[in-house]
Enquirer: 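Take this structure, written in structure tokens, and hold onto it; I'll ask about it next.
Chain identifiers are assigned alphabetically (A, B, ...) following the order of the sequence lines, protein sequences preceding nucleic acid strands; residue numbering begins at 1 within each chain.
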Amino acid sequence: MATPAIRMFRKIEGLFCVYKPAGIHWKLVRGSIETSLLKGLNATPSQPLPTEVRFLALPVSEAEAPKGLILSAASVPVLSKHPLVTGPEFQNLKVGVGHRLDASSSGVLVLAVGNGNKALNNFDNARVTRDYTLEGEFGTATDDFSHTGRIVERSTYGHITKDKLERVLAMLQGANQKALLLYSNVDMRSQEAYEMAVQGLLGPDGKSLPILTGLRCIHFEPPNFTLEVQCINETQKYLRKVVHEIGLELRSTAVCRGVRRTRDGPFTLQDALTRDHWAASDVIQAIGKKRSSKKKSKTQTKDSPLQPSEESTTVNQINQ
Amino acid sequence: MASYCTQLCLQGRNLLRSKAVARTWQYNTQVRHCITRGSSKILNDCSINNGNHTTTQTRQRWKQQMFCYSDLATKHLATEALENKNVEETSTADVGAYESPLLPIRDAVSVPDMPLDLDAAAEVSALELISEEEAVSIRVPSDIPPASISLKDYVDKSETLSKLVQLGVDLWKLEQRPNVGSMLLKLDFNTDVAPRLLFLKDIGVDEARFGHIITQNPFVLTESLENLHSRVNFLKSQKFSPEIVASMVSRAPYILNFTVQRLDNRMGFYQQQLKLSASNTRHILARLPRLLCGSLEPVKENLKVCEMELGFKENEIQHIVITVPKVLIANKRKLTQIFDFVHNTMKVPHDLIAKFPQVLNCRFMRIRERHQFLEYLGKAQYNPDLPNYISLERLVIMPNDIFCTELALAKSADFSLFQKTL
């Protein structure tokens, strides 16, 4: 029977994204979301207790033999179905996480509840690009490429100008483009390759080395600089290594101060829920909004990673 | 079925007297499986409180045959009759009637083994009339399992458990603790539970809190009344007012289970270590009665952390503890993390932190986000001498929307957008 809790659960099943703050492990984020969703589900008004008819002995004043007891039928609530005895209706929820973010990064983290986990599998396999913002700082090099690591080297950075940086970025982009063509498993001289390139379907299918499909500098003020990156199959540690390598190319050193994911496939910063909006009602609203926006936009089986434009492409199965 | 019995026997072997009868039925089902299915349906319709059975002569005869056949059943009945059991069903009819089937069984054992006679049972009709004495002596097997992992099988039949559920006790949480479930089942409401609830009411505890108290500390129902009285009297002798004693008991129910000496030791410890006056110690304990219940080692470590790592002076620690007693049992890592951020990043000196110790009790992420927002707006000014001063207390205590409108003078939407840029 569909209790109010089960009806609410059907609304909660789906995909949504949250903004993961820096400094917290993604498992803790997943845990707090699960706890707050369970709290919302178990707070729904419970069904009234079923009753059963029992024969209760009325208290008789004069002493009588047992077989002479007067019995009356009474409708008594069945206490074994009371929530204090059976426990809450929902005790566990399957909350799955999309592409993970390590502890010191922040940004959009896609989560799926219940049936939405099936869509999450497709989301993983589909060729989905992610947008990152990398904050870098010239002058030091550390062992784990971030500003909290052990310092390995210091250098000057006075000689770095913006166009030198742009040149290095262009060189990196070229190398990545070559890797992209290499991993697309198509002979570059064929007609098929041309058609795929026109539609923007060139690229690795499934697991491959991380590839940056787009790279540009949005802010340059030595020693700090900010890069915007679009990539496939990356890890945050790889992105920090990219910053480190940029520093090396410029004959200086650089560390990465922050990695922030601004987009994961079709999920952008606008859809992300911040810490105060992790309650069940906000999550239901976010899932509903995402579903309706996907229904409106064009549906394609594979989205095109090469265009950095925000043509919202979707994975078909998320619609269900 | 036998394996089911043995496997669930771990909790409370002697739960119910009717277990004996239930066992016989279960062993008998192995012998006469086809018949029992039909009979158990009829028998389950009558509840245990029903003393008046209108069963037929056929069942009586069939029962005698069953008692003859199963040797295992007789051995069990013989042994379990000798065991001492606690009855939580207090109807005298049942108590009297349980003795009677044991006698005919012992007599029936001497009958030589008869071959399994399925036709004999099929001949007697269920609609035959039997005499009143025969009807009364027929025992109905209880539908309660002899042992179970959950209390929901027993709650409908047990007066104690139903009254506890009506009080608001969370039986589901309690049955997960080892041995608590069987302890609750063995209690009798009128002799065990009711006097203690009346005692709690006498102290002044609100009746709506009874469920919470018993859920937190079910062992208050097994503590002797004189001990409970002596502990409450000890607290009153230490000059805690009756309302405060009631609130302490209601928030930290385990106080009632600790000896007077232990409570005295703890109170003495807090008074000596922190070098507080008696009224201040009373104030702290009234605000956080859990201090009397837990172990003292974490408190000693926290005090050492405050003194050595954080570098607070003794009078500052005293002030902090009086304002926010929770610092004594807070997580040390969290404490040092918050202090490190507030002192080194926000550049707030020791005396200001000691003046507003609520900041040590707050979530670290909250302080960090709000401070970064104020810094971005250029309003991060925590020095009381300069203009546009923002006190630490207001920074952490206010909810988000009031913080945005009053302290940061910005909209909540802006704060959300800013949080997404961190």
Side-chain angles (χ1 to χ4, degrees), chain A residues 17-24 28-29 32 49-50 52-60 63-71 73-74 76-89 91 105-108 133 135 226 258 260-262 268-277 282, chain B residues 45-54 91-97 132-133 135-136 150-158 161-176 211 215 337 341 363-366 368-369 372 399-401 412-413 415-422:
Chain A
C17 62
V18 300
Y19 190 85
K20 177 184 117 45
I24 305 183
L28 295 176
V29 170
S32 358
L49 287 179
E52 73 173 7
V53 174
R54 278 201 224 151
F55 295 99
L56 302 175
L58 288 177
V60 180
E64 282 186 23
K67 52 192 169 180
L69 274 179
I70 304 168
L71 298 170
V76 173
V78 175
L79 282 176
S80 55
K81 305 272 191 288
H82 195 282
L84 283 179
V85 179
T86 57
E89 217 177 311
Q91 293 175 14
S105 331
S106 59
V108 172
T133 308
E135 314 257 333
T226 313
R260 201 174 112 238
R261 190 192 276 163
T262 47
T268 57
L269 266 188
Q270 275 177 337
D271 316 322
L273 299 170
T274 50
R275 189 70 185 256
D276 3 317
H277 297 298
D282 301 301
Chain B
D45 286 338
C46 313
S47 76
I48 286 193
N49 288 328
N50 193 352
N52 203 2
H53 301 292
T54 49
S91 71
T92 49
D94 283 340
V95 170
E132 288 287 332
E133 294 81 26
V136 165
S150 161
L151 283 177
K152 65 173 180 270
D153 300 321
Y154 302 110
V155 81
D156 283 316
K157 303 290 192 297
S158 158
L161 290 181
S162 338
K163 293 246 169 86
L164 285 178
V165 172
Q166 281 158 15
L167 274 177
V169 176
D170 197 342
L171 288 182
W172 177 73
K173 256 194 224 164
L174 285 178
E175 73 190 9
Q176 287 166 356
T215 311
Q337 196 186 29
F341 184 77
R363 252 193 318 132
F364 172 65
M365 285 290 149
R366 201 179 205 204
R368 197 174 74 169
E369 284 169 1
Q372 281 171 330
N400 262 344
D401 29 355
S412 297
F415 187 43
S416 296
L417 281 177
F418 176 74
Q419 279 179 317
K420 293 189 198 178
T421 63
L422 291 175

Enquirer: Look at A:G107, A:P77, A:P88 and state which one has the largest set of heavy-atom pairs under 4.5 Å with chain B.
Expert: A:P88
Enquirer: Say whether A:S80 and B:D156, considering side chains only, have a donor N or O and an acceptor N or O under 3.5 Å apart.
Expert: yes
Enquirer: Pick one of side chain, backbone, both or neither for A:E52, based on which atoms fall under 4.5 Å of a heavy atom in chain B.
Expert: neither
Enquirer: Taking everything shown except B:K163 itself, do over 12 heavy atoms lie less than 6.0 Å from its NZ?
Expert: yes
Enquirer: Most heavy-atom pairs under 4.5 angstrom with chain A, which of B:L417, B:D170, B:T215?
Expert: B:D170
Enquirer: On a heavy-atom basis, which atom in B:E369 and which in B:F418 lie closest, and how many Å separate them?
Expert: O-CE2, 4.2 Å
Enquirer: Quick check on B:R366 against chain A: is it the side chain, the backbone, both or neither that has a heavy atom closer than 4.5 Å?
Expert: neither
Enquirer: Testing the basics here: between A:L269 and B:K420, what is the closest heavy-atom pair and its distance to 0.1 Å?
Expert: O-NZ, 2.8 Å
Enquirer: Highest number of heavy-atom pairs under 4.5 Å with chain A: which of B:L151, B:V169, B:D153?
Expert: B:V169
Enquirer: Looking at side-chain heavy atoms only, is the closest gap between A:R275 and B:R363 below 4.5 Å?
Expert: yes
